[in-house]
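What follows is a set of notes on a single structure, which appears directly below.
Since we're looking at a predicted model, the values are computed, not measured.
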Amino acid sequence: MRTLILVLLFGSYALAQQTVTAGDEYTKTLAPKVVEALQRSHRDAQADRALFKAVRERAEAGSAAAACDLGILYKEGLGHALNLNKARKWFLKSHKKGNAKAAYSLGYLYLKGLGNIEQDYQRALHWFNQSDDPMAVHWTAKCHYHGLGVPQDRDRAIALLKDNPIGNSAVLLAQWEYDREHPGEVNTELFPTDLTDTDGPLTNGITGTWQGHWEQLDWSGSTVMRSDEIRLTIADTGTGIHRATITTLEGTVMGDVLLSGNELVFPELTLTQQKRYTDRTDEVTLDHRLTSLKYRIDTENGAIVLDGNLETYINNWSEPGPPMRLRLQKVAGGLSDTIKEAFAQQEDHFIKVYPNPFEADLLVHYTLDTDAEVRIALSDYRNPGTVLQKRQRKQPKGDRTVTFDRLSELRSGLYLLQLEVNGTAHSRIIIKK
């Protein structure tokens with residue numbers, strides 16, 4: 001059928017057959033190498049660059065499958081600096097040539113709002129509906145089940161999965177059908193109440209013990225999808241590095257934490273969480289690597305409360321986690337009015353980064369209210385005077401993204417990103433894998 005259509009369009013059976021053969025050849029030769037490179041646990045810079053060049057040549061020659069794979073390589077920063085806008089461009093080119101996976105990939109970018117691409121359920125669903133790729137159907141069903149961008153319709157979601165011939169959908173379908181047959185069941189396991197504060201009541205701002213809820217929101221940040229009880233203790237070790245102890249229903253983890261203004265930065269701390277629903281039998285938990293907590297402390301009805309936005313990185317998926325927040329109440333201790341007022345005046349991140357932790361490339365995103373002289377510098381956190389990379393440019397107002405690439409050789413650890421806009425300084429601590 002595809003050959004016949006090409007004959008009608010171009011009047012040449014030979015040309016059509018040649019196009020199909022070329023596509024088949026790419027699928028058999030280069031496409032498996034792309035899959036292999038994406039699944040590797042380590043980067044091979046020379047091999048990745050060679051693969052990227054070969055895929056780009058085939059994409060530019062007109063292969064729809066290669067164009068889609070080129071978008072994936074740009075999205076992952078494999079063989080080339082990470083560039084989500086170029087990924088979107090090549091997905092669109094591939095879609096116009098009839099590639100179903102490309103339309104799904106476009107929808108996925110908008111579904112999660114990766115990097116500097118604005119999150120938009122309507123655009124995500126638009127692209128999912130343009131694709132017959134099974135994963136597009138799978139995510140469309142998820143949107144209907146949870147009411148993301150569409151009115152919640154669990155019957156329709158279940159019907160979509162029943163007709164979707166992939167293992168992910170079969171695994172998820174069994175859980176949704178069980179919930180429909182057993183409504184109202186909840187986890188009756190109680191959050192531990194016998195925990196003691198080994199460090200005693202601490203009253204210096206964030207230090208001390210806090211208890212409340214860890215809320216996970218949908219990708220737009222507007223709806224709470226899940227709420228779990230959590231207990232957080234921050235202890236001052238006297239060394240300049242604090243100690244965090246976090247307890248959830250899954251257990252207790254401990255690790256170092258740095259204080260920077262009204263932000264906590266976690267160099268290496270991972271929370272393992274049981275998934276409520278899973279698409280795969282071999283993935284029943286998620287490992288959330290905590291990166292930072294931007295918080296505000298206030299009082300409500302006489303109690304000291306902490307409200308914070310938590311950034312995580314999901315190791316299982318090699319992607320940033322969805323928007324999350326902590327809503328906690330202090331277990332013991334007090335807070336001076338001066339400290340509370342100082343915290344209340346703090347603002348959210350001016351600098352947004354993707355991904356964090358980073359590996360080889362880093363996207364730095366910010367918004368300028370006016371035309372500005374911008375200076376950006378990346379340095380080692382423990383030696384900020386030594387600048388590793390820097391940018392300086394005059395930029396017009398609006399949303400701006402700057403890429404730092406070739407960072408794979410940096411050692412793992414903490415780095416300081418400093419941004420100066422018309423003389424006003426902003427900084428952010430980030431993590432290298």
Euclidean distance, Leu51 CG relative to Leu30 CG, rounded to 0.5 Å: 6.5 Å

Short N-O contact, Asp133 and Lys101, less than 4.0 angstrom: no

Under 3.5 Å: donor-acceptor pair, side chain of Thr278, backbone of Glu283: yes

Sidechain N-carboxylate O distance under 4.0 Å for Lys294, Glu311: no

Salt bridge (Lys or Arg N to Asp or Glu O under 4.0 Å) partners of Arg243, counting only residues at least two apart: Asp256

Contacts of type salt bridge (Lys or Arg N to Asp or Glu O under 4.0 Å), residue Lys162, not counting sequence neighbours: Glu177

Lys/Arg-Asp/Glu bridge criterion (N-O < 4.0 Å) met for Arg58, Asp69: no

Set of residues satisfying salt bridge (Lys or Arg N to Asp or Glu O under 4.0 Å) with respect to Glu76, sequence neighbours excluded: none

Taking every non-hydrogen atom, the tightest pair across Trp176 and Ala141: CH2-O, 3.7 Å

Donor-acceptor contact present, side-chain Asn164 to main-chain Pro134, <3.5 Å: yes

Side-chain donor/acceptor of Ser412 to backbone N/O of Lys433, under 3.5 Å: yes

Exam field: side chain Lys330 to backbone Thr207, donor-acceptor pair closer than 3.5 Å: yes

Value rounded to 0.5 Å, distance of OG1 in Thr401 from CG in Asn85: 7.0 Å

Check: Asn315 side chain, Arg289 main-chain N or O, donor-acceptor pair, under 3.5 Å: no

Aromatic plane relationship, His95 with Trp127 - under 30° parallel, 30 to 60° tilted, over 60° perpendicular: perpendicular

Closest non-hydrogen atom pair, Gln273 against Asp228: NE2-OD2, 2.9 Å

Electrostatic pair Arg296:Asp298 at N-O distance under 4.0 angstrom: no

Main-chain N/O of Pro396 paired with Arg400 side-chain donor or acceptor, under 3.5 Å: yes

Residue pairs fulfilling ring-ring contact (aromatic ring centres under 6.0 Å, His included) with at least one residue in residues 28-57, sequence neighbours excluded: Phe52-Tyr74, Phe52-His80

Atom pair CG (Asp279) and NE2 (His138), whose distance is rounded to the nearest 0.5 Å: 3.5 Å

Nearest-0.5 Å distance, CD of residue Glu215 to CE of residue Met324: 11.5 Å

Worked verdict on Thr270 versus Asp287 for side-chain hydrogen bond (donor to acceptor under 3.5 Å, both in side chains): CA-CA 6 Å; Thr270 299; Asp287 291 331; over 6 Å; no

Arg154 charged N/C atom sitting above Tyr145 aromatic ring, 6.0 Å / 45°: yes

Any donor-acceptor pair under 3.5 Å from Tyr295 side chain to Leu264 backbone: no

Side-chain donor or acceptor of Ser131 paired with backbone N/O of Ala100 under 3.5 Å: yes

CA sep, side-chain torsions, deciding dist, call: Arg40, Asp48, salt bridge (Lys or Arg N to Asp or Glu O under 4.0 Å): CA-CA 11 Å; Arg40 280 201 312 262; Asp48 291 345; 2.3 Å; yes

side-chain contact (heavy atoms from CB on, under 4.5 Å) against Lys112, all qualifying residues, sequence neighbours excluded: Tyr108, Leu114, Trp139, Trp219, Trp317, Glu319

Donor-acceptor pair between Gln211 and Arg231 side chains, under 3.5 angstrom: yes

Flag, side chain of Asp153 to backbone of Ala157, donor-acceptor distance under 3.5 Å: no

Partner set under salt bridge (Lys or Arg N to Asp or Glu O under 4.0 Å) for Asp163, not counting sequence neighbours: none

Donor-acceptor pair, side chain of Thr403 and main chain of Asp405, under 3.5 angstrom: no

Cation-aromatic face contact Arg391/Phe404, 6.0 Å, 45 degrees: yes

